[in-house]
**Student:** 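Pasting in a structure now, in C-alpha coordinates, and then I'll have a few things to ask.
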There are 2 protein chains.
Amino acid sequence: MLQYQPVPLDLAFQALADPGRRAMVERLSLGPASVSELAQPLPMTLSAVVQHLKILEAAGLVKSRKVGRVRTCALEVEAMSQVERWIAERKRFWSQQYDQLEAYLAQTAPEENDR
Amino acid sequence: MLQYQPVPLDLAFQALADPGRRAMVERLSLGPASVSELAQPLPMTLSAVVQHLKILEAAGLVKSRKVGRVRTCALEVEAMSQVERWIAERKRFWSQQYDQLEAYLAQTAPEENDR
DNA sequence: TCAATACTTAAGTCAATGCTACAGTATCAG
DNA sequence: CTGATACTGTAGCATTGACTTAAGTATTGA
(Lines give C-alpha, C1' and ligand atoms only; values in the text may rest on other atoms or scores of the structure.)
Protein backbone atom coordinates (compact mmCIF):
# COMPACT_ATOMS: atom_id res chain seq x y z
CA MET A 1 0.00 0.00 0.00
CA LEU A 2 2.90 2.27 -0.76
CA GLN A 3 1.79 4.37 -3.62
CA TYR A 4 -0.83 4.07 -6.25
CA GLN A 5 0.72 5.13 -9.50
CA PRO A 6 -2.75 4.83 -10.65
CA VAL A 7 -2.93 5.09 -14.37
CA PRO A 8 -3.43 8.80 -13.98
CA LEU A 9 -7.00 9.30 -12.97
CA ASP A 10 -7.25 11.02 -16.25
CA LEU A 11 -8.29 7.70 -17.75
CA ALA A 12 -10.89 7.16 -15.08
CA PHE A 13 -12.56 10.52 -15.61
CA GLN A 14 -12.48 10.04 -19.34
CA ALA A 15 -13.98 6.59 -19.02
CA LEU A 16 -16.81 7.86 -16.83
CA ALA A 17 -17.60 10.68 -19.23
CA ASP A 18 -19.57 8.38 -21.49
CA PRO A 19 -23.18 7.61 -20.54
CA GLY A 20 -22.98 4.10 -21.93
CA ARG A 21 -19.91 3.37 -19.90
CA ARG A 22 -21.53 4.82 -16.79
CA ALA A 23 -24.53 2.57 -17.42
CA MET A 24 -22.17 -0.38 -17.47
CA VAL A 25 -20.66 0.75 -14.18
CA GLU A 26 -24.12 1.09 -12.70
CA ARG A 27 -24.95 -2.43 -13.74
CA LEU A 28 -21.71 -3.73 -12.29
CA SER A 29 -22.33 -1.92 -9.04
CA LEU A 30 -25.06 -4.51 -8.52
CA GLY A 31 -22.59 -7.34 -8.96
CA PRO A 32 -20.50 -9.11 -11.61
CA ALA A 33 -21.90 -9.65 -15.09
CA SER A 34 -20.92 -11.18 -18.40
CA VAL A 35 -20.28 -9.06 -21.48
CA SER A 36 -23.63 -10.06 -22.95
CA GLU A 37 -25.43 -9.17 -19.76
CA LEU A 38 -23.78 -5.77 -19.83
CA ALA A 39 -24.75 -5.31 -23.46
CA GLN A 40 -28.34 -6.48 -23.18
CA PRO A 41 -29.94 -3.21 -21.96
CA LEU A 42 -27.74 -0.98 -24.10
CA PRO A 43 -28.73 0.35 -27.53
CA MET A 44 -25.57 -0.73 -29.28
CA THR A 45 -23.88 -3.79 -30.69
CA LEU A 46 -21.92 -6.27 -28.60
CA SER A 47 -18.88 -5.08 -30.46
CA ALA A 48 -19.32 -1.56 -29.16
CA VAL A 49 -19.78 -2.83 -25.62
CA VAL A 50 -16.54 -4.77 -25.82
CA GLN A 51 -14.79 -1.57 -26.88
CA HIS A 52 -16.24 0.35 -23.96
CA LEU A 53 -15.26 -2.46 -21.66
CA LYS A 54 -11.64 -2.14 -22.77
CA ILE A 55 -11.69 1.52 -21.90
CA LEU A 56 -13.15 0.84 -18.46
CA GLU A 57 -10.52 -1.82 -17.86
CA ALA A 58 -7.69 0.41 -19.06
CA ALA A 59 -8.92 3.00 -16.60
CA GLY A 60 -8.81 0.41 -13.86
CA LEU A 61 -12.49 0.84 -13.08
CA VAL A 62 -13.41 -2.69 -14.11
CA LYS A 63 -11.67 -6.03 -14.00
CA SER A 64 -12.60 -9.15 -15.95
CA ARG A 65 -11.77 -12.84 -16.27
CA LYS A 66 -12.68 -15.22 -19.01
CA VAL A 67 -13.76 -18.69 -18.08
CA GLY A 68 -14.73 -20.87 -20.99
CA ARG A 69 -16.36 -18.61 -23.51
CA VAL A 70 -17.81 -16.26 -20.94
CA ARG A 71 -16.00 -13.16 -19.72
CA THR A 72 -17.18 -12.05 -16.32
CA CYS A 73 -16.69 -8.41 -15.34
CA ALA A 74 -16.70 -6.67 -11.99
CA LEU A 75 -16.18 -3.20 -10.56
CA GLU A 76 -12.81 -2.24 -9.18
CA VAL A 77 -13.86 -0.28 -6.17
CA GLU A 78 -10.43 1.18 -5.47
CA ALA A 79 -10.32 3.06 -8.77
CA MET A 80 -13.76 4.44 -8.05
CA SER A 81 -12.48 5.61 -4.71
CA GLN A 82 -9.61 7.47 -6.31
CA VAL A 83 -12.00 9.51 -8.38
CA GLU A 84 -14.15 10.12 -5.35
CA ARG A 85 -11.12 11.26 -3.39
CA TRP A 86 -10.02 13.72 -6.04
CA ILE A 87 -13.36 15.45 -5.87
CA ALA A 88 -13.49 15.39 -2.09
CA GLU A 89 -10.09 17.04 -1.91
CA ARG A 90 -11.02 19.83 -4.32
CA LYS A 91 -14.11 20.49 -2.25
CA ARG A 92 -12.28 20.68 1.04
CA PHE A 93 -10.57 24.05 0.60
CA TRP A 94 -13.06 26.72 -0.17
CA SER A 95 -16.23 24.85 0.63
CA GLN A 96 -17.22 26.57 3.82
CA GLN A 97 -18.96 29.58 2.36
CA TYR A 98 -22.52 29.36 1.14
CA ASP A 99 -21.68 31.32 -1.97
CA GLN A 100 -18.02 31.90 -2.41
CA LEU A 101 -18.30 33.99 -5.53
CA GLU A 102 -20.59 36.61 -4.04
CA ALA A 103 -18.59 36.58 -0.86
CA TYR A 104 -15.35 37.13 -2.71
CA LEU A 105 -16.73 39.92 -4.86
CA ALA A 106 -18.34 41.66 -1.92
CA GLN A 107 -15.02 41.60 -0.18
CA THR A 108 -13.30 43.59 -2.94
CA ALA A 109 -16.00 45.70 -4.56
CA PRO A 110 -19.42 46.34 -3.09
CA GLU A 111 -22.45 46.37 -5.41
CA GLU A 112 -21.40 45.70 -8.95
CA ASN A 113 -22.97 43.33 -11.34
CA ASP A 114 -23.06 41.82 -14.78
CA ARG A 115 -24.01 38.20 -14.95
CA MET B 1 -33.49 23.01 -0.60
CA LEU B 2 -36.27 21.26 -2.42
CA GLN B 3 -34.74 19.58 -5.38
CA TYR B 4 -31.64 20.04 -7.41
CA GLN B 5 -32.56 19.72 -11.05
CA PRO B 6 -28.93 19.17 -11.60
CA VAL B 7 -28.03 19.56 -15.22
CA PRO B 8 -27.67 15.83 -15.71
CA LEU B 9 -24.40 14.83 -14.23
CA ASP B 10 -23.53 13.72 -17.69
CA LEU B 11 -22.28 17.22 -18.35
CA ALA B 12 -20.29 17.23 -15.15
CA PHE B 13 -18.49 13.99 -15.92
CA GLN B 14 -17.82 15.12 -19.45
CA ALA B 15 -16.47 18.42 -18.22
CA LEU B 16 -14.12 16.74 -15.77
CA ALA B 17 -12.80 14.37 -18.42
CA ASP B 18 -10.45 17.00 -19.81
CA PRO B 19 -7.14 17.51 -18.01
CA GLY B 20 -7.08 21.22 -18.77
CA ARG B 21 -10.53 21.64 -17.30
CA ARG B 22 -9.57 19.64 -14.22
CA ALA B 23 -6.54 21.89 -13.82
CA MET B 24 -8.91 24.86 -13.83
CA VAL B 25 -11.03 23.19 -11.17
CA GLU B 26 -7.93 22.51 -9.10
CA ARG B 27 -6.98 26.15 -9.31
CA LEU B 28 -10.47 27.25 -8.34
CA SER B 29 -10.50 24.88 -5.41
CA LEU B 30 -7.97 27.27 -3.89
CA GLY B 31 -10.36 30.18 -4.32
CA PRO B 32 -11.89 32.43 -6.98
CA ALA B 33 -9.81 33.55 -9.95
CA SER B 34 -10.12 35.68 -13.06
CA VAL B 35 -10.08 34.15 -16.53
CA SER B 36 -6.52 35.35 -17.07
CA GLU B 37 -5.40 33.85 -13.79
CA LEU B 38 -6.93 30.55 -14.82
CA ALA B 39 -5.22 30.73 -18.19
CA GLN B 40 -1.79 31.74 -16.97
CA PRO B 41 -0.42 28.29 -16.06
CA LEU B 42 -2.09 26.52 -18.96
CA PRO B 43 -0.38 25.81 -22.30
CA MET B 44 -3.16 27.22 -24.42
CA THR B 45 -4.58 30.50 -25.59
CA LEU B 46 -6.96 32.61 -23.55
CA SER B 47 -9.54 31.83 -26.16
CA ALA B 48 -9.31 28.12 -25.44
CA VAL B 49 -9.57 28.74 -21.71
CA VAL B 50 -12.76 30.73 -22.22
CA GLN B 51 -14.19 27.81 -24.19
CA HIS B 52 -13.34 25.38 -21.41
CA LEU B 53 -14.82 27.75 -18.90
CA LYS B 54 -18.11 27.71 -20.76
CA ILE B 55 -18.20 23.95 -20.56
CA LEU B 56 -17.49 24.00 -16.84
CA GLU B 57 -20.23 26.57 -16.32
CA ALA B 58 -22.72 24.64 -18.45
CA ALA B 59 -21.98 21.63 -16.28
CA GLY B 60 -22.68 23.72 -13.21
CA LEU B 61 -19.24 23.07 -11.79
CA VAL B 62 -18.20 26.71 -11.98
CA LYS B 63 -19.98 29.99 -11.64
CA SER B 64 -18.73 33.40 -12.77
CA ARG B 65 -19.54 37.09 -12.58
CA LYS B 66 -18.11 39.91 -14.60
CA VAL B 67 -17.32 43.17 -12.86
CA GLY B 68 -15.80 45.80 -15.07
CA ARG B 69 -13.63 44.00 -17.56
CA VAL B 70 -12.72 41.19 -15.22
CA ARG B 71 -14.69 37.96 -14.97
CA THR B 72 -14.23 36.24 -11.65
CA CYS B 73 -14.83 32.50 -11.46
CA ALA B 74 -15.48 30.19 -8.54
CA LEU B 75 -16.22 26.54 -7.91
CA GLU B 76 -19.79 25.39 -7.42
CA VAL B 77 -19.33 22.91 -4.64
CA GLU B 78 -22.79 21.43 -4.94
CA ALA B 79 -22.19 20.17 -8.47
CA MET B 80 -18.94 18.63 -7.33
CA SER B 81 -20.87 16.91 -4.57
CA GLN B 82 -23.30 15.40 -7.03
CA VAL B 83 -20.50 13.73 -8.90
CA GLU B 84 -19.00 12.53 -5.65
CA ARG B 85 -22.36 11.14 -4.59
CA TRP B 86 -22.85 9.20 -7.80
CA ILE B 87 -19.58 7.41 -7.25
CA ALA B 88 -20.23 6.79 -3.59
CA GLU B 89 -23.56 5.20 -4.40
CA ARG B 90 -22.10 2.87 -7.03
CA LYS B 91 -19.50 1.78 -4.52
CA ARG B 92 -21.96 1.04 -1.76
CA PHE B 93 -23.51 -2.18 -3.06
CA TRP B 94 -20.94 -4.77 -3.73
CA SER B 95 -17.99 -3.10 -2.09
CA GLN B 96 -17.51 -5.31 0.92
CA GLN B 97 -15.49 -8.06 -0.64
CA TYR B 98 -11.76 -7.70 -1.08
CA ASP B 99 -11.94 -9.08 -4.59
CA GLN B 100 -15.45 -9.49 -5.88
CA LEU B 101 -14.51 -11.00 -9.19
CA GLU B 102 -12.53 -13.89 -7.75
CA ALA B 103 -15.12 -14.39 -5.08
CA TYR B 104 -17.91 -14.53 -7.63
CA LEU B 105 -16.08 -16.93 -9.92
CA ALA B 106 -15.07 -19.19 -7.06
CA GLN B 107 -18.70 -19.37 -6.06
CA THR B 108 -19.81 -20.77 -9.43
CA ALA B 109 -16.79 -22.64 -10.82
CA PRO B 110 -13.73 -23.59 -8.81
CA GLU B 111 -10.28 -23.29 -10.41
CA GLU B 112 -10.60 -21.97 -13.89
CA ASN B 113 -8.59 -19.26 -15.44
CA ASP B 114 -7.83 -17.17 -18.47
CA ARG B 115 -6.83 -13.65 -17.80
C1' DT C 1 -18.70 -33.57 -35.48
C1' DC C 2 -21.62 -29.48 -36.04
C1' DA C 3 -24.21 -25.70 -35.10
C1' DA C 4 -24.94 -22.27 -31.71
C1' DT C 5 -22.98 -19.30 -28.30
C1' DA C 6 -19.98 -15.75 -26.55
C1' DC C 7 -17.06 -13.01 -27.51
C1' DT C 8 -12.86 -10.63 -30.48
C1' DT C 9 -10.61 -7.85 -33.97
C1' DA C 10 -10.25 -4.91 -37.76
C1' DA C 11 -11.78 -1.56 -40.88
C1' DG C 12 -14.17 2.29 -41.96
C1' DT C 13 -17.57 6.21 -41.16
C1' DC C 14 -19.18 10.37 -39.18
C1' DA C 15 -19.81 13.60 -35.59
C1' DA C 16 -17.92 15.79 -31.57
C1' DT C 17 -13.67 17.96 -29.41
C1' DG C 18 -9.81 20.87 -28.51
C1' DC C 19 -7.26 24.23 -30.46
C1' DT C 20 -5.48 28.26 -32.95
C1' DA C 21 -5.89 32.64 -35.50
C1' DC C 22 -8.07 36.59 -36.08
C1' DA C 23 -11.24 40.10 -35.37
C1' DG C 24 -13.89 42.36 -32.30
C1' DT C 25 -16.06 44.83 -27.75
C1' DA C 26 -15.92 46.81 -23.17
C1' DT C 27 -13.46 48.82 -19.50
C1' DC C 28 -9.66 51.49 -17.36
C1' DA C 29 -5.56 54.50 -16.72
C1' DG C 30 -3.32 58.54 -18.05
C1' DC D 1 -9.32 60.72 -26.22
C1' DT D 2 -6.04 56.87 -26.53
C1' DG D 3 -3.66 52.93 -25.87
C1' DA D 4 -3.55 48.91 -22.96
C1' DT D 5 -6.19 45.30 -20.68
C1' DA D 6 -9.37 41.64 -20.27
C1' DC D 7 -11.97 39.21 -22.31
C1' DT D 8 -15.56 37.42 -26.40
C1' DG D 9 -16.95 35.23 -30.65
C1' DT D 10 -16.26 32.92 -34.93
C1' DA D 11 -13.98 30.19 -38.41
C1' DG D 12 -11.34 26.51 -39.66
C1' DC D 13 -8.85 22.33 -38.80
C1' DA D 14 -6.68 18.19 -37.15
C1' DT D 15 -7.85 14.58 -33.82
C1' DT D 16 -10.32 11.70 -31.16
C1' DG D 17 -14.36 9.06 -30.09
C1' DA D 18 -18.41 6.15 -30.65
C1' DC D 19 -20.32 3.16 -33.61
C1' DT D 20 -21.28 -0.28 -37.28
C1' DT D 21 -20.35 -4.10 -40.41
C1' DA D 22 -18.00 -7.99 -41.41
C1' DA D 23 -15.04 -11.69 -40.56
C1' DG D 24 -13.00 -14.42 -37.30
C1' DT D 25 -11.80 -17.72 -32.88
C1' DA D 26 -12.76 -20.51 -28.89
C1' DT D 27 -16.31 -23.26 -26.26
C1' DT D 28 -20.15 -25.91 -25.50
C1' DG D 29 -24.25 -28.86 -26.14
C1' DA D 30 -26.57 -32.31 -28.89
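Letters A, B, ... are given to chains in the order of the sequence lines, protein chains preceding strands, and every chain is numbered from 1. Reckoned from all heavy atoms, side chains included, excluding hydrogens, waters and symmetry mates.
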**Student:** Phe13(B) has an atom CZ; how far is it from atom C1' of dA16(C), in whole Å?
**Tutor:**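 Roughly 20 Å, once rounded to whole Å.
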
**Student:** Mind checking whether Leu42(B) and Leu75(B) sit in one hydrophobic cluster, side chains of I, L, V, M, F, W, Y counted as touching below 4.5 Å?
**Tutor:**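 As far as the 4.5 Å side-chain criterion goes, Leu75(B) and Leu42(B) are connected within one cluster.
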
**Student:** What closest approach, in Å, do Gly20(A) and Met44(A) show between heavy atoms, and which atom pair accounts for it?
**Tutor:**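 So the minimum-distance heavy-atom pair works out to CA-CE, 4.5 Å.
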
**Student:** Using whole Å, what does the distance between atom P of nucleotide dA26(D) and atom CG of Leu46(A) come to?
**Tutor:**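 That distance rounds to 18 Å.
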
**Student:** What I'd like to find out is whether the side chain of Val83(B) reaches to under 4.5 Å of the side chain of Trp86(A), using heavy atoms alone.
**Tutor:**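 No; the side chains remain at least 4.5 Å from each other.
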
**Student:** Test of understanding: clusters of I, L, V, M, F, W, Y form through side-chain heavy atoms closer than 4.5 Å, transitively. Do Leu53(A) and Leu46(A) belong to the same one?
**Tutor:**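 Yes, Leu53(A) and Leu46(A) fall within the same hydrophobic cluster.
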
**Student:** OP1, OP2 of dC19(D) versus side-chain N and O of His52(A): anything below 4.0 Å?
**Tutor:**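 Indeed, a polar side-chain atom of His52(A) lies that close.
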
**Student:** Would you say the base of dT17(C) and the side-chain of Gln14(B) have a donor-acceptor pair closer than 3.5 Å?
**Tutor:**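 Result: no qualifying N/O pair found.
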
**Student:** Provide, to the nearest angstrom, the distance between the CG atom belonging to Leu42(A) and the C1' atom belonging to dT20(D).
**Tutor:**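 Interatomic distance, CG of Leu42(A) to C1' of dT20(D): 15 Å.
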
**Student:** Check this one for me: any side-chain N or O of Lys66(B) less than 4.0 Å away from OP1 or OP2 of dT27(C)?
**Tutor:**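 Looking at the OP1 and OP2 atoms of dT27(C), neither is under 4.0 Å from any side-chain N or O of Lys66(B).
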
**Student:** What is the distance from CE of Met44(B) to P of dA21(C), rounded to the nearest Å?
**Tutor:**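 In whole Å, dA21(C) P and Met44(B) CE are 14 Å from each other.
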
**Student:** Does dA4(D) have OP1 or OP2 under 4.0 Å away from a side-chain N or O of Arg69(B)?
**Tutor:**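 False: Arg69(B) side-chain N/O out of range (4.0 Å or more) of dA4(D) OP1/OP2.
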
**Student:** May I ask you to say what Thr45(A) touches in the nucleic acid, namely base, sugar-phosphate or nothing, with a heavy-atom cut-off under 4.0 Å?
**Tutor:**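 Base, at least one base atom sits under 4.0 Å.
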
**Student:** I need the single residue from His52(A), Gln14(A), Gln51(A), Glu26(A) that forms a side-chain hydrogen bond (donor to acceptor under 3.5 Å, both in side chains) with Arg21(A). Which is it?
**Tutor:**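 Of all the options given, the one that passes is His52(A).
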
**Student:** Is any side-chain N or O of Ser47(B) closer than 4.0 Å to OP1 or OP2 of dT20(C)?
**Tutor:**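 Checking Ser47(B) against dT20(C): no side-chain N or O falls below 4.0 Å of OP1 or OP2.
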
**Student:** How many whole angstroms separate atom CE of Met24(B) from atom C1' of dC7(D)?
**Tutor:**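 Whole-Å distance recorded here is 13 Å.
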
**Student:** Taking atom C1' of dT16(D) as reference, at what distance in whole Å does atom CZ of Arg21(A) sit?
**Tutor:**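 Atom CZ in Arg21(A) sits about 12 Å away from atom C1' in dT16(D).
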
**Student:** Can you see if the side chain of Ser34(A) gets near the phosphate of dC7(C) - specifically, an N or O under 4.0 Å from OP1 or OP2?
**Tutor:**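 So the side chain of Ser34(A) is within the cut-off, an N or O lying under 4.0 Å from OP1 or OP2 of dC7(C).
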
**Student:** Establish, with yes or no, whether the OP1 or OP2 oxygen of dT8(D) is under 4.0 angstrom from a side-chain nitrogen or oxygen of Arg71(B).
**Tutor:**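 For Arg71(B), the contact criterion (side-chain N or O under 4.0 Å from OP1 or OP2 of dT8(D)) is met.
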
**Student:** Assuming nearest nucleotide by heavy-atom distance, tell me which of Val49(A) and Val70(B) is located more 5' along DNA chain D.
**Tutor:**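 Between the two, 5'-proximity favours Val70(B).
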
**Student:** Hey, which sits more toward the 5' end of DNA chain D by its nearest nucleotide, Ser36(B) or Gly20(A)?
**Tutor:**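 Residue closer to the 5' terminus by nearest nucleotide: Ser36(B).
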
**Student:** Check whether any side-chain nitrogen or oxygen of Lys54(B) sits under 4.0 Å from OP1 or OP2 of dT8(D), and answer yes or no.
**Tutor:**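 No, outside the criterion.
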
**Student:** Without decimals, in angstroms, what is the distance between Arg65(B) CZ and dC7(D) C1'?
**Tutor:**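 In whole Å, dC7(D) C1' and Arg65(B) CZ are 17 Å from each other.
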
**Student:** Between P on dG17(D) and CD on Gln51(A), what's the gap in Å once rounded to a whole number?
**Tutor:**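 Interatomic distance, CD of Gln51(A) to P of dG17(D): 12 Å.
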
